[in-house]
Amino acid sequence: EQVAVLRPNAEEARRRLSNPPLLLVLPGSRMGEIRRMARVFGDAVARLADRIGPLDVVVPAVPRLAETVRAAVAVWRVPARVVTEVGEKYAAYRTARAALTKSGTSTLELALAGVPMAAAYKVPLVEEIVGRLLITAPSAILANLILGENLVPEFLQRDCTAEKLSNALLPLLTDTAQRRHQIDAFARLDALMDIGKAAPSDRAAGVVLDCAAGRGNLRAKP
């Protein structure tokens, strides 16, 4: 419903191509996610900077965990700006050249903003075992599921290493086939999600009502 705040104007689109490139890093909005993801993300950014040079790194944080995030990124070799205001967060989405994010809602927000990304996630071993038994989806990335292809590279559990993440990010910062492929695919999301045709909340309410009506009919049958 607020997709307009994710889309850059002409000046912001030019900023996406200026140097140093703005790299969005989103380690999570929960304490456990930050604890598991921040260090490996910081190491990945450092490896990337070693290969391409200076980066403008922005890390959005929810206000209640701002100090936790600041403490986590304070030990990163590449300095990062932590932003807590919603306006600052979306301004970064509109000017970022690429992003490193944990799996979740942020992957769809970034896709709608047209920001190429690599995604990763780690959970404790017990959760991994349960997840492998229960989850059958081909991807943990919302944009991948909607587009029907594993477009955004994702690195889960033991694959979530600084080396693999930096290797995945490297081609997204220049005009490469990988970068263009993501951007072109993200442009299809508006049609696939009917963006601009009806408010998502209204559509969701309609689905719920349809399901409720269908169940009601089933209960009415002998």
Side-chain angles (χ1 to χ4, degrees), residues 1-27 29 41 44-45 48-49 51-62 69 73 78-120 141-154 165-200:
E1 294 186 18
Q2 299 180 12
V3 69
V5 303
L6 295 169
R7 304 277 169 84
N9 58 31
E11 181 179 349
E12 290 166 334
R14 286 192 294 271
R15 171 62 184 93
R16 282 186 170 180
L17 301 177
S18 64
N19 289 316
L22 193 157
L23 178 69
L24 259 176
V25 180
L26 299 103
S29 57
F41 277 14
V45 171
L48 188 62
R51 299 170 72 178
I52 69 166
L55 292 167
D56 181 10
V57 181
V58 175
V59 183
V62 294
V69 174
V73 305
V78 177
R81 292 185 287 123
V82 177
V83 299
T84 59
E85 296 294 330
V86 173
E88 292 179 301
K89 170 186 171 181
Y90 288 128
Y93 274 64
R94 294 193 300 271
T95 54
R97 190 180 302 180
L100 174 59
T101 181
K102 60 93 180 175
S103 303
T105 308
S106 57
T107 62
L108 186 54
E109 288 184 320
L110 289 164
L112 290 170
V115 180
M117 75 192 91
I141 309 301
L142 293 174
N144 286 351
L145 296 174
I146 295 169
L147 290 165
E149 60 176 307
N150 286 343
L151 177 79
V152 175
E154 55 186 325
L165 294 175
S166 61
N167 287 341
L169 283 169
L170 183 63
L172 302 182
L173 290 166
T174 55
D175 185 22
T176 61
Q178 295 97 315
R179 177 180 174 83
R180 291 193 299 272
H181 188 38
Q182 284 201 32
I183 291 174
D184 291 346
F186 295 160
R188 305 201 311 266
L189 287 172
D190 282 19
L192 290 170
M193 299 175 66
D194 287 337
I195 290 175
K197 295 183 179 179

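What you are looking at is a predicted structure, and each value in this text was computed from that prediction instead of being measured.
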ask   = For Leu48 and Leu100, what are the C-alpha separation, side-chain angles and deciding distance, and is it a side chain to side chain contact (heavy atoms under 4.5 Å, CB included)?
value = CA-CA 11 Å; Leu48 188 62; Leu100 174 59; over 6 Å; no

key: Worked check of side chain to side chain contact (heavy atoms under 4.5 Å, CB included) between Val58 and Arg81   = CA-CA 5 Å; Val58 175; Arg81 292 185 287 123; 3.1 Å; yes

task = Take Leu24 and Lys89, measure what side chain to side chain contact (heavy atoms under 4.5 Å, CB included) needs, and give me the verdict at the end.
result = CA-CA 9 Å; Leu24 259 176; Lys89 170 186 171 181; over 6 Å; no

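Remark: side-chain polar atoms of Gln182 are paired, donor with acceptor, to backbone N or O of Met117 under 3.5 angstrom. Counting only distance, with no hydrogens or angles, the side chain of Arg179 and the backbone of Ala98 share no donor-acceptor pair below 3.5 Å.
Under the side chain to side chain donor-acceptor pair (under 3.5 Å) criterion, Glu12 pairs with Arg94, sequence neighbours left out. Among residues two or more places apart in sequence or in another chain, the side chain to side chain contact (heavy atoms under 4.5 Å, CB included) test is passed with Val78 by Val45, Ala46, Ala49, Val57. In this view, Tyr93 and Tyr90 satisfy the ring pair (Phe, Tyr, Trp, His ring centres under 6.0 Å) rule, not counting sequence neighbours.
Shown here for Ala92 and Leu22, the closest heavy-atom pair between the two residues is O-CD2, 4.2 Å. Closest non-hydrogen pair, Asn9 versus Glu11, comes out as OD1-N, 3.1 Å. Looking at every heavy atom in both residues, Val69 comes nearest to Ala61 through CG2-CB, 3.7 Å. When all heavy atoms of Ala113 and Pro8 are compared, the closest pair comes out as O-CD, 4.3 Å. The two residues Phe41 and Val25 come nearest to each other via the heavy atoms CD2-CG1, 3.7 Å. Shown here for Thr105 and Leu142, the closest heavy-atom pair between the two residues is CA-CD1, 4.0 Å.
Taking 4.5 Å as the limit, every side-chain heavy atom of Leu55 sits out of range of all side-chain heavy atoms of Pro20.
Note on residues 13-26: pairs passing salt bridge (charged side-chain N to carboxylate O under 4.0 Å, His left out), not counting sequence neighbours, are Arg15-Asp56.
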Check: residues 165-175 side-chain donor-acceptor pairs under 3.5 Å, at least two apart:
from: Ser166; atom 1: OG; to: Ala162; atom 2: O; distance (Å): 3.0
from: Ser166; atom 1: OG; to: Glu163; atom 2: O; distance (Å): 3.0
from: Asn167; atom 1: OD1; to: Arg51; atom 2: NH1; distance (Å): 2.6
from: Asn167; atom 1: ND2; to: Glu163; atom 2: O; distance (Å): 3.2
from: Asp175; atom 1: OD1; to: Arg180; atom 2: NH1; distance (Å): 2.9

Solution key, residues 183-193 side-chain donor-acceptor pairs under 3.5 Å, sequence neighbours excluded:
from: Arg188; atom 1: NH2; to: Glu149; atom 2: OE2; distance (Å): 3.4
from: Asp190; atom 1: OD1; to: Arg7; atom 2: NH2; distance (Å): 2.8
from: Asp190; atom 1: OD2; to: Arg7; atom 2: NH1; distance (Å): 3.4

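From Leu145, atom CG reaches atom CG of Leu108 across 10.0 Å, with rounding to the nearest 0.5 Å. Taking OG1 from Thr107 and CD from Glu154, the interatomic distance works out to 9.0 Å, rounded to the nearest 0.5 Å. Of the inter-residue distances, the one linking Ile146 atom CD1 with Leu151 atom CG reads 12.0 Å to the nearest 0.5 angstrom.
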